[in-house]
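Have a look at the structure below before the remarks.
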Amino acid sequence: MKRTLLTLFSLLLLCPARADEGMWLPSLISHRIHDMRAKGFRLTAEDIYSINKASMKDAVVLFGGGCTGELVSPEGLLLTNHHCGYGAIQRHSSVENDYLTHGFWARTRSEELPNEGLNVKFLVRMEDVTNRIAAGETAEELICKAEAEGKGYKAVVEQMYYGNQQFLFLYEQFDDVRLVAAPPSSIGKFGGDTDNWIWPRHTGDFSVFRIYAGPDNKPAAYSRDNVPYRPKKHFTISTKGVQEGDFTMIYGFPGNTQQYLLSDAVKYIAEVSDPMKIAIRTGRLDIIARAQASDPALRIHYAARHAAIANAWKKWQGEVLGLKRLNTCEKKAAAEKHFAQATGDSEVIALLREEIKRTLPYYYTRELLGETLLTLGYAYTEEEKADPLFAKREAVERALYRLAFSEYASRNTHLEPIGQFQAGVEQYGSPEAYADHIFVLAVNDPQNEELKALKAAIAALHTRILEELGTKTLRNFNSARMNELYARYVEGLRRLAAREGREGEMFPDANLTLRVAYGSVAGYEYADGEYHKPLTTLDGIIAKDDPAVYDYDIPQSLRELHASKDYGRWGIEIDGHRTVPVCFLATNHTTGGNSGSPILNAHGELVGINFDRTWRSTMSDIEFDPTICRNIAVDIRYVLLVIDRIGNAGYLIDEMTLR
Ligand code: ARG
Ligand code: GLU
């Protein structure tokens with residue numbers, strides 16, 4: 001009995017691509033096209049990715065190195081999320097022209113605002129270069145050759161399956177990307193951090209940019225003489241909307257998933273790492289939120305910091321719950337047993353376990369530092385101190401110092417404490433008293449030797465940890481040796497999948513390369529007896545509207561629009577009642593980086609812009625559960641309504657292709 005159960009578990013786990021799970025490489029999408037079409041997709045693999053003709057990939061960009069964007073007009077108009085354009089909008093904002101608060105609408109092309117340092121990348125092509133590299137060509141040679149093919153070409157070689165496959169990605173990079181429009185934050189960030197990762201959702205999370213090129217339509221540095229880029233392809237927009245059950249596809253740049261982790265690593269994440277980081281961040285958020293509630297100036301000052309800390313904090317909570325609920329650890333352990341039996345390679349698992357055990361103290365300490373001592377600046381500039389707000393900030397900053405010092409002291413259970421830190425705690429009597437001392441130095445005497453020595457000691461520990469792990473950059477729980485072992489393990493998993501006829505069902509971890517995910521519009525059972533419908537409407541915004549609550553205070557123009565019900569072509573009837581769709585849920589497998597990704601219908605037409613997941617879905621970075629994992633999109637009809645009726649920028653819609 002036990003054995004059958006184990007085998008059953010293992011088989012389930014070893015079939016990674018069930019239901020709507022998967023982030024597929026576009027150049028290999030022909031392996032999935034049959035399944036996509038069975039689920040309702042009407043186009044072909046060539047329509048998604050082609051190097052011979054314009055295809056959907058030519059309308060998708062990596063936006064600013066961490067988000068996705070999509071082309072929606074023959075003149076280079078691009079949509080992404082408000083939270084992806086946030087930095088650019090903020091940099092153009094001043095007290096007189098506060099585009100974050102009031103929105104921004106360029107009335108003519110000459111009003112479109114350039115953004116230094118912002119670029120977008122189109123994928124020219126991707127190519128499996130595993131064999132060429134095995135035959136002796138180096139990645140550098142391949143990159144060099146590819147980049148010589150065109151102006152603005154940038155190439156990278158990316159590893160798939162821990163290096164079992166290497167792909168060359170050739171991009172065309174445009175550096176002149178201008179801000180065209182942004183809704184007020186009370187629309188683009190409606191619900192703020194309160195609603196972040198939450199459904200039902202009502203955020204109009206979009207912004208509009210335009211790509212400019214040289215007169216030859218090729219990438220060019222910013223110049224007044226540049227002209228709107230004429231893309232090979234832009235998405236047609238469907239205003240027909242979506243219904244529960246409709247096919248959806250997401251084309252974008254998911255950043256990072258870890259589907260092939262060993263059970264030991266999952267256990268570490270679920271039981272040690274996430275809980276530790278959540279607890280420390282809860283403390284930091286408490287301090288900041290209390291300060292924000294006490295003073296409007298502090299609320300603004302700490303808004304971005306609070307948002308950044310809270311974003312992962314909420315995500316990890318969902319991840320822990322999800323991993324427990326799915327018994328991911330036990331399933332993985334069973335699958336590892338099955339792997340050992342079926343492949344005869346129990347050694348690789350044993351070696352991985354050993355390496356995880358060896359490196360855990362280092363990785364844990366790295367994470368602890370990252371949440372405590374490395375969050376402090378150790379210096380305040382004269383400019384900062386001259387700000388009248390600084391007097392109020394001091395108490396907050398001091399509290400953050402105390403918290404960081406005490407959390408580091410109490411949770412540093414794996415490696416020797418930093419000598420300098422330990423001595424300070426002993427000298428001053430407690431981590432908090434030592435924190436006070438260091439804080440005063442950071443404020444009054446940033447060049448102080450004692451302060452510098454502490455900073456150097458923290459940096460030295462960090463360097464030592466990276467040396468032990470054998471990596472320069474650290475995103476996930478891994479080490480150089482662990483990566484080699486994972487390469488062997490995942491290769492074994494792939495062979496086993498092939499033997500068991502499931503070869504086409506594995507997909508490489510997300511790594512900020514272009515992927516296709518497909519699924520359908522779907523609600524889900526949130527709790528026993530509590531079903532969450534997949535569509536929200538303007539009425540939900542009005543219900544949340546509250547001028548006294550910052551996150552829910554909508555623009556007066558939106559209130560008036562709702563009162564008039566004059567939605568024009570963007571209105572819909574639901575149960576005999578006139579309203580406007582706002583957000584929807586779907587089952588696409590997404591992660592950070594998919595923000596701004598186009599959501600397309602069965603005909604490849606744009607129906608929404610992805611911007612979030614529900615927090616209880618977030619274990620999908622490790623294990624996807626089709627019953628509960630949902631991505632969140634803003635309905636394109638709400639985007640169009642806001643452009644048309646709030647921004648009075650119908651001229652932008654005139655550029656688009658609507659159907
Ligand atoms: N949760 C989304 C993501 O992971 C949105 C974050 C920005 N929005 C916010 N309210 N903080 O990026
Ligand atoms: N908001 C995320 C992003 O910025 C997407 C949400 C997720 O993690 O799925 O990419």
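Counting begins at 1 with the first residue of the sequence. Every number for a ligand or one of its atoms is a count from 1 in the order of the listing. Keep in mind that this is a model prediction, so the values were computed, not measured.
Contact check on D246 versus K39 returns no salt bridge, with no Lys/Arg side-chain nitrogen under 4.0 Å from an Asp/Glu carboxylate oxygen.
Side-chain atoms of I278 and V320, non-hydrogen and from C-beta on, do get closer than 4.5 Å to each other.
The six-membered or imidazole ring of Y268 lies near that of F477, with a centre-to-centre distance under 6.0 Å. A ring-centre distance under 6.0 Å is found for F174 and F122. Ring centroid separation for the pair F190 and Y552 comes in under the 6.0 Å cut-off. With ring centers used as reference points, H589 lies under 6.0 Å from F624.
Contact shell of ligand 1 (protein heavy atoms, cutoff 4.0 Å): H83, K189, G192, D193, N196, W197, N311, F611, D612.
Classified by interplanar angle (parallel below 30°, tilted 30° to 60°, perpendicular above 60°), the ring pair F167/F169 is tilted.
Under the side chain to side chain donor-acceptor pair (under 3.5 Å) criterion, E158 pairs with no residue, sequence neighbours left out.
Every pair passing salt bridge (charged side-chain N to carboxylate O under 4.0 Å, His left out) that includes a residue from residues 295-318 is listed here, sequence neighbours excluded: D295-K392, R305-E397, K315-D621.
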Need the list: ligand 2 N/O atoms against protein N/O atoms, distance under 3.5 Å, rounded to one decimal.
| unit_1 | atom_1 | unit_2 | atom_2 | d |
| --- | --- | --- | --- | --- |
| ligand 2 | 1 (N) | S595 | OG | 2.9 |
| ligand 2 | 1 (N) | F611 | O | 3.0 |
| ligand 2 | 4 (O) | H83 | NE2 | 3.0 |
| ligand 2 | 4 (O) | S595 | OG | 2.4 |
| ligand 2 | 8 (O) | G592 | N | 3.0 |
| ligand 2 | 8 (O) | R613 | NE | 3.4 |
| ligand 2 | 8 (O) | R613 | NH2 | 2.9 |
| ligand 2 | 9 (O) | R613 | NE | 2.6 |
| ligand 2 | 10 (O) | G593 | N | 2.6 |
| ligand 2 | 10 (O) | S595 | N | 3.2 |
| ligand 2 | 10 (O) | S595 | OG | 2.7 |

